[in-house]
Amino acid sequence: MQVWQVHENGEPGEAMRLTDAEPPTPADGQVLLKVLAANVNFPDALLCRGQYQVRPPLPFTPGVEICGETEDGRRVLATPALPHGGFAEYALADAAALLPAPGTLDDAEAAALHIGYQTGWFGLHRRARLQAGETLLVHAAAGGVGSAAVQLGKAAGATVIGVVGGAEKAAVARGLGCDLVVDRRAEDVVAAVKEATGGRGADVIYDPVGGTAYAQSAKLVAFEGRIVVLGFASGTIPSPALNHALVKNYAILGLHWGLYNTKNPDLVRHCHEQLTELAAKGTIAPLVSERVPLEGAAAAVQRVADGVTTGRVVVLPTEANGA
């Protein structure tokens, strides 16, 4: 099979190498999946750099989210078992963690429904307890994680403010349903949001960026508001001033979605049922901006790492071999 491998950590465009290898052999409790679609996530770039919280042994194959096919022909969603990730024709996954792929979505859309939307659902509903009528601010609203949060926020009845970088991304965020879009490159984010909310700010702030975005969040969170910290795409991990959280009465909530797979897998399945229902109704629809063949995986991961993409970029290995 064709497979991308990382033999030395570095930038995805340089570290990932396409090679031929035998399909991996499943261990006890694992299954071999034919990869139908592999969604590109920012953690794939962190894996290549050796900066992710999980560090698989070298060489490894990145690709943390796929829509795959079992040997008996079932379409499933899976988070591949590293080091045998999804940027390959075949990947391994834990049999107990497989989720049925929604029949209303094609392979690329189904692959994109998993981690980003699960993270959004857990972040907004499980951690922040978002309520209808509240104001939700989403940083990087046109990206893969942000676009899912925007749709889920609207589905929950919130007023959604999207912060983006650039006019193209602003147009994408408006198309996703944001009630207000703020272009951080052209506007003062804090001033614009305070003006739009009458100085109150946002009840829930969804932050996968860190750095400057978190500093803005602290200035914009409302009384009894909640800042959900998802990651640090900016490359800068903030050091929150806890005295500020105390005097403003707000909560800082961390979210590592992957922990739920071991700590509470039943809740992951419940979330998937909720997402499948929303997708069937058309309430949420994964924004797939690019579909690329397997040969384009390294370049795709690099574009996501560089922050120049919108929505989801999905690798389609089966198109490369005519399957």
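- Separating the CG atom in Leu253 from the CZ atom in Arg126 is a distance of 12.5 Å, to the nearest 0.5 Å.
- Contact between Pro286 and Gln151 at its shortest, heavy atoms only, is N-OE1, 4.4 Å.
- No side-chain donor-acceptor contact under 3.5 Å links Glu224 to the backbone of Ala222.
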Just do the ring pair (Phe, Tyr, Trp, His ring centres under 6.0 Å) check on Tyr90 and His84 with the steps written out, would you? CA-CA 8 Å; Tyr90 290 89; His84 302 291; over 10 Å; no

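- Residue-environment remark: CG (Asp28) stays at or below the threshold of 12 foreign heavy atoms within 6.0 Å.
- For the pair Gly166 and Asp183, the tightest heavy-atom approach, listed with the atom from each and the gap, is N-OD1, 2.9 Å.
- Two residues are said to be in side-chain contact when any heavy atoms from C-beta on lie closer than 4.5 Å; Val164 and Arg184 fail this criterion.
- The minimum heavy-atom distance linking Leu294 with Trp4 is given by the pair O-NE1, 2.7 Å.
- Although no hydrogens or angles enter the test, the distance criterion places no donor-acceptor pair under 3.5 Å between the side chain of Arg127 and the main chain of Leu124.
- The number of heavy atoms from other shown groups lying within 6.0 Å of NZ (Lys154) is above 12.
- For the atom pair Leu46 CG and Asn9 CG, the distance stands at 11.0 Å (nearest 0.5 Å).
- We find that Arg269 and Glu273 are not joined by a salt bridge, their nearest charged nitrogen and carboxylate oxygen being 4.0 Å or further apart.
- The shortest distance between side-chain heavy atoms of Leu113 and Ile284 falls below 4.5 Å.
- Looking at His272, its side chain does come within 3.5 Å of a backbone N or O of Pro100 through a donor-acceptor pair.
- Put simply, the side chain of Arg55 gets close to the backbone of Gly50: a donor and an acceptor are under 3.5 Å apart.
- Summarising the local packing, CD of Glu187 is surrounded by more than 12 heavy atoms from other residues, nucleotides or ligands at distances under 6.0 Å.
- In this structure, CG in Leu316 is found 10.5 Å from CG in Asn39, a value given to the nearest 0.5 Å.
- The number of heavy-atom neighbours closer than 6.0 Å to CD of Glu8, taken from other residues, nucleotides and ligands shown, is 12 or below.
- The backbone N or O of Leu267 sits less than 3.5 Å from a side-chain atom of Asn264, completing a donor-acceptor pair.
- How far OG1 of Thr19 is from CD of Gln2: 9.0 Å, rounded to the nearest 0.5 Å.
- The one candidate from Thr309, Val314, Thr310, Val304 that meets the side-chain contact (heavy atoms from CB on, under 4.5 Å) condition with Glu290 is Thr309.
- Val64 is not listed as a side-chain neighbour of Pro62, based on a closest heavy-atom distance of 4.5 Å or more.
- Atom CD of Gln53 has more than 12 neighbouring heavy atoms from other residues, nucleotides or ligands inside a 6.0 Å radius.
- Within the 3.5 Å criterion, the main-chain N or O of Val160 finds a donor-acceptor partner in the side chain of Asp179.
- Defined by atom type and a distance below 3.5 Å, a donor-acceptor pair is missing between the side-chain atoms of Gln274 and His125.
- Atoms NE2 and CG, on His256 and Leu230 in that order, are 11.5 Å from each other to the nearest 0.5 Å.
- For the side-chain contact (heavy atoms from CB on, under 4.5 Å) test with Val6, the passing option among Cys48, Pro83, Pro56, Pro12 is Cys48; the others fail.
- For the pair Ser234 (side chain) and Val209 (backbone), a donor-acceptor distance under 3.5 Å is present.
- The CG atom of Asp20 lies 8.5 Å from the CD atom of Glu89; values are rounded to the nearest 0.5 Å.
- No side-chain donor-acceptor contact under 3.5 Å links Glu14 to the backbone of Glu11.
- Between Phe122 and Tyr260, the angle of the ring planes lies from 30° to 60°, which puts this pair in the tilted group.
- Residues Leu176 and Ser147 approach most closely at CD1-CB, 3.5 Å, considering heavy atoms.
- The shortest non-hydrogen separation linking Arg75 to Ala110 is NH2-CB, 3.8 Å.
- In the hydrophobic clustering of ILVMFWY residues, with side-chain heavy atoms under 4.5 Å counting as a link, Leu92 and Phe87 come out apart.
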Show, in sequence, the C-alpha distance, side-chain angles and deciding distance for Tyr250 and His244, and conclude whether the side-chain hydrogen bond (donor to acceptor under 3.5 Å, both in side chains) test is met. CA-CA 9 Å; Tyr250 65 85; His244 190 255; 2.8 Å; yes

Is there a salt bridge (charged side-chain N to carboxylate O under 4.0 Å, His left out) between Asp306 and Arg303 once you walk through the steps? CA-CA 5 Å; Asp306 293 341; Arg303 288 198 300 277; over 6 Å; no

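- Judged by distance alone, the side chain of Glu134 and the main-chain N or O of Val204 form no donor-acceptor pair under 3.5 Å.
- By the 4.0 Å N-to-carboxylate-O rule, Glu69 lies too far from Arg74 to be salt-bridged with it.
- The minimum heavy-atom distance linking Leu152 with Tyr117 is given by the pair CD1-O, 3.5 Å.
- Checking side-chain atoms of Thr61 against main-chain N and O of Gln5 turns up no donor-acceptor pair under 3.5 Å.
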